[in-house]
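Because the structure is a prediction, the values reported are computed rather than measured. For the numbers below, each heavy atom of this structure counts, side chains included, while hydrogens, waters and symmetry mates do not.
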Amino acid sequence: MRRTVFDGEHRTFRATMRAFIDAEVVPSFSKWNDDGLVPREFYYRLGELGILGLEVPVEHGGRGLDSFRHQAVVAEEIARAAVSFGSASAHVSRCLPLIDDLATTEQRRRWLPGSVTGETMFALAVAEPGTGAEPSDMRTTAPLSLDGTEYLLNGSKTFVTGGVHADRVIVCARTAAPNTEDPTYGLSLLVVDATAPGYRVGRALDTLGRKLSGTAELTFTDVRVPVTDRLGDAHRADTHLAAQLPRERLSIAVGAHAQARAAVRFAHRFTTERTASTASFQNTKFELAACRTEVDAIEAVVDRALTAHDHGDLAPADAASAKLFCTESAGRVIDRCLQLHGGIGYLADSPIARLYADHRIDRIMGGTSEVLRTIIAADMGL
């Protein structure tokens with residue numbers, strides 16, 4: 001069945017993305033993987049192609065699209081080839097939506113043009129060593145100066161996707177003490193210039209998968225951040241971040257579907273093309289049939305969520321449900337497809353092994369599966 005969630009424009013865009021990935025990403029991917037980082041010049045290339053600015057307003061250099069579906073196409077084509085755009089995904093899917101929702105006219109003028117061309121890459125820093133992203137435990141501080149013109153930022157962040165290459169980082173810091181009625185009060189979002197004195201990129205983190213994400217630790221020592229670089233309302237960072245969660249969870253669900261579909265394609269090709277073909281075995285047929293069926297179900301959930309998001313109807317519990325189902329189901333599919341590869345599937349440079357490692361974080365980031373179950377149960381009145 002043809003997916004009705006995409007139209008002719010999306011199919012044309014998909015063909016362009018597939019040709020670009022096959023010509024300019026796949027041939028270089030092994031070297032990038034060995035280096036552990038996507039070259040900075042690649043982000044300029046993404047900018048030239050308009051990929052970084054799909055949803056950025058036209059007046060700031062973007063395409064001004066008001067649909068998430070083009071981003072879904074990008075995610076699906078990346079997974080199809082089992083490659084990565086490095087930290088560009090976090091830049092596009094997590095940081096630019098925050099800027100789009102919260103930035104002032106003056107901030108948009110300063111930040112968005114460079115974000116479209118790749119000259120200004122953004123990262124988001126929320127989690128902290130030892131405490132994670134729990135608001136009540138956040139220790140990074142940024143009190144306001146006596147004259148009210150700047151914040152003095154001190155602390156550290158970890159698991160910062162894109163932290164290695166970032167030119168500006170959206171940092172969640174405590175700008176006021178929490179109150180007893182609202183423990184999330186007092187956190188603000190500060191857009192920090194990576195060239196500011198006291199800003200330091202720590203060690204790059206060696207993750208199980210997504211080796212090219214440029215994930216790093218950051219430290220801040222008396223970093224001065226102008227008040228004009230605060231994003232959104234003071235002391236309301238938790239509210240601002242929570243508003244982005246449905247979109248973030250949809251993005252993860254879309255990626256999970258794409259990875260699961262790619263895994264089935266890899267397994268089908270491997271079992272039919274290998275010298276000692278196993279595709280004729282009944283178990284292989286049954287496994288592939290079961291995996292395809294599960295991918296079809298994942299696709300139905302993703303497409304429903306994409307449609308709801310574009311209509312402004314994707315409720316937080318619905319996004320949580322979509323992410324939970326898609327990531328848990330994709331994990332099973334990818335694992336079964338790796339099994340069909342036998343020992344070849346366990347080699348780190350095989351596409352199925354990359355999918356296996358890259359997907360595992362999906363059940364953790366954007367809200368763990370356990371947290372999502374809590375959200376869904378609460379929505380059910382439980």
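No hydrogens or angles considered: a donor-acceptor pair under 3.5 Å links the side chains of Thr140 and Glu128. Remark: the Arg332 side chain and the Ser329 side chain contain an N/O donor-acceptor pair separated by less than 3.5 Å. Side-chain contact, Ser369 with Glu328: a donor N or O sits under 3.5 Å from an acceptor N or O. Residues Gln244 and Asp101 bring a donor and an acceptor atom of their side chains to less than 3.5 Å of each other.
The environment of CD in Glu24 is crowded: more than 12 heavy-atom neighbours from other residues, nucleotides or ligands sit within 6.0 Å.
Residues Arg249 and Leu372 form a side-chain contact, since some pair of their non-hydrogen atoms from C-beta on lies under 4.5 Å apart. Between Asp206 and Lys211 there is a side-chain heavy-atom pair separated by less than 4.5 Å. Using a 4.5 Å cut-off on side-chain heavy atoms (C-beta onward), Val333 and Arg292 make no contact. At a threshold of 4.5 Å between non-hydrogen side-chain atoms, the residues Ile252 and Glu248 count as touching.
If you chain together hydrophobic residues whose side chains sit under 4.5 Å apart, Phe325 and Val295 never meet in one group. Leu124 is not connected to Phe220 by any chain of hydrophobic side-chain contacts under 4.5 Å among Ile, Leu, Val, Met, Phe, Trp and Tyr, and they are in different clusters.
The aromatic rings of His341 and Phe270 sit parallel to each other, their planes meeting at less than 30°, with 60° as the upper class boundary.
Shown here for His10 and Asp7, the closest heavy-atom pair between the two residues is ND1-OD1, 2.9 Å.
Among Arg69, Arg18, Arg3, the one residue that satisfies the salt bridge (Lys or Arg N to Asp or Glu O under 4.0 Å) test with Glu76 is Arg3.
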